[in-house]
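From a predicted model like this one, the values you see are computed outputs, not experimental measurements. Below, chain A is the first sequence line, B the second, and so on; all start at residue 1.
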Protein chains: 2
Amino acid sequence: MTAEQNSALDAMIGYNLKRANTIAESQIRRCLANIGLAPREFSALALAVEIPNITQSTLARHLGVERSGLVSTIDALEQRALLNRVAVPGDRRIQALIATAKGIAAHQEALCAIQMQEEQLTQVLSATEIDSLRAVLQKIRKFEEGKTP
Amino acid sequence: MTAEQNSALDAMIGYNLKRANTIAESQIRRCLANIGLAPREFSALALAVEIPNITQSTLARHLGVERSGLVSTIDALEQRALLNRVAVPGDRRIQALIATAKGIAAHQEALCAIQMQEEQLTQVLSATEIDSLRAVLQKIRKFEEGKTP
DNA sequence: GGTCAACTGTTACAGAGGTTAACAATATTT
DNA sequence: AAATATTGTTAACCTCTGTAACAGTTGACC
């Protein structure tokens, strides 16, 4: 009565993680599509809004992604005028990212949409289950990502 | 002291799910590479071993994937002689998948490797935290996947 | 029975996310 | 001054995934 195990796969944390992530990602993709943002663009925009003048390299580090993989994302955000790459006086290698007013507005809108999506995703869980899930996932992240940050 | 929140992203279940899944997937990919299996191939092989004579369509349904996406995976497994597609007398549309002895052996080996990986992934968690994580992820899956199975 | 609907495996195509390797321009270290 | 490191960028590639179409086959219905 606890959990009908169809397969040994259902006992694996990794497999359950993947399936749950697939569900969450498709929900997020759908609700961000209304705003015209891909999941990847949202997370990059979010950090650009929260950390003004952030650099693409440090942004990539925050997101746990190679910096090369971020170029096209920033391109898209800049083309839609949600942020700008601005030159930095002291260092001519880097370009500071600053979100535009339009970008900040889109970010706010996306935050609302995702909050609703999170409620939908976790509506079958109790408040303590949600907190526990978040805490445990963060624990895994901090342990594994902390190895070579 | 509980959790240093760098960004609002870190409070989102969906984002933590994605990051944790990335970690787990890369671990799994690495440890399955020794056996010569991709993650996708492992999950397909696992079900073929557990459910003899399973059909590609029902296998796809179990994995939550389109059946077209499974063709190349089954091709790879068949080319490596880990399973066979055999004709079914009653119905000439379907082909039953049956794992070979070599396939069963590879599956066993992969199970061991993944068990070690799971211990590595969850080594920072208590036993109750692990059980809780698995239970909560399954709860999400059952709720969302149960909508249109 | 014959027709229409439904299912199976397959192919071709597309797209998102991600990685690695190289590169030129620029800073930093020694 | 020279060697080393960093930044942004491009190009090529991989995996997973979905969509749309298809021919062959089966089942349902009248």
In whole angstroms, how far is the [atom2] atom of [N] from the [atom1] atom of [X]?
X: B:L63; N: D:dT17; atom1: CG; atom2: P; result: 9 Å
X: B:N21; N: D:dT15; atom1: CG; atom2: P; result: 17 Å
X: A:R19; N: D:dC16; atom1: CZ; atom2: P; result: 15 Å
X: A:R30; N: D:dT17; atom1: CZ; atom2: C1'; result: 14 Å
X: A:Q56; N: D:dT10; atom1: CD; atom2: C1'; result: 13 Å

Single-linkage hydrophobic cluster, 4.5 Å side-chain cutoff, A:L137 and A:L63 together: no
Residues, nucleotides or ligands: over 12 heavy atoms within 6.0 Å of B:Q120 CD: yes
Over 12 non-hydrogen atoms of neighbours within 6.0 angstrom of CD in A:Q123: yes
Under 3.5 Å side-chain donor-acceptor pair for A:N16 and B:R141: yes
Distance-only donor-acceptor check, side chains B:T55 and B:S57, under 3.5 Å: no
Presence of B:S57 side-chain N/O under 4.0 Å of C:dC7 phosphate oxygens OP1/OP2: no
Heavy-atom closest pair, residues A:T100 and A:A81: OG1-O, 2.6 Å
Residues in contact with DNA chain D, drawn from residues 80-99 of chain B - heavy-atom cutoff 4.0 Å: B:G90, B:D91, B:R92, B:R93
Side chain to side chain donor-acceptor pair (under 3.5 Å) contacts in which one or both residues fall within residues 71-84 of chain B, not counting sequence neighbours: B:R40-B:T73, B:D75-B:R85, B:E78-B:R85
Gap separating the CD atom of B:E144 from the OG1 atom of A:T22, nearest 0.5 angstrom: 12.0 Å
Under 4.0 Å protein heavy-atom contacts per nucleotide of nucleotides 11-18 of chain C, with B for base, S for backbone only and - for none: B----SSS
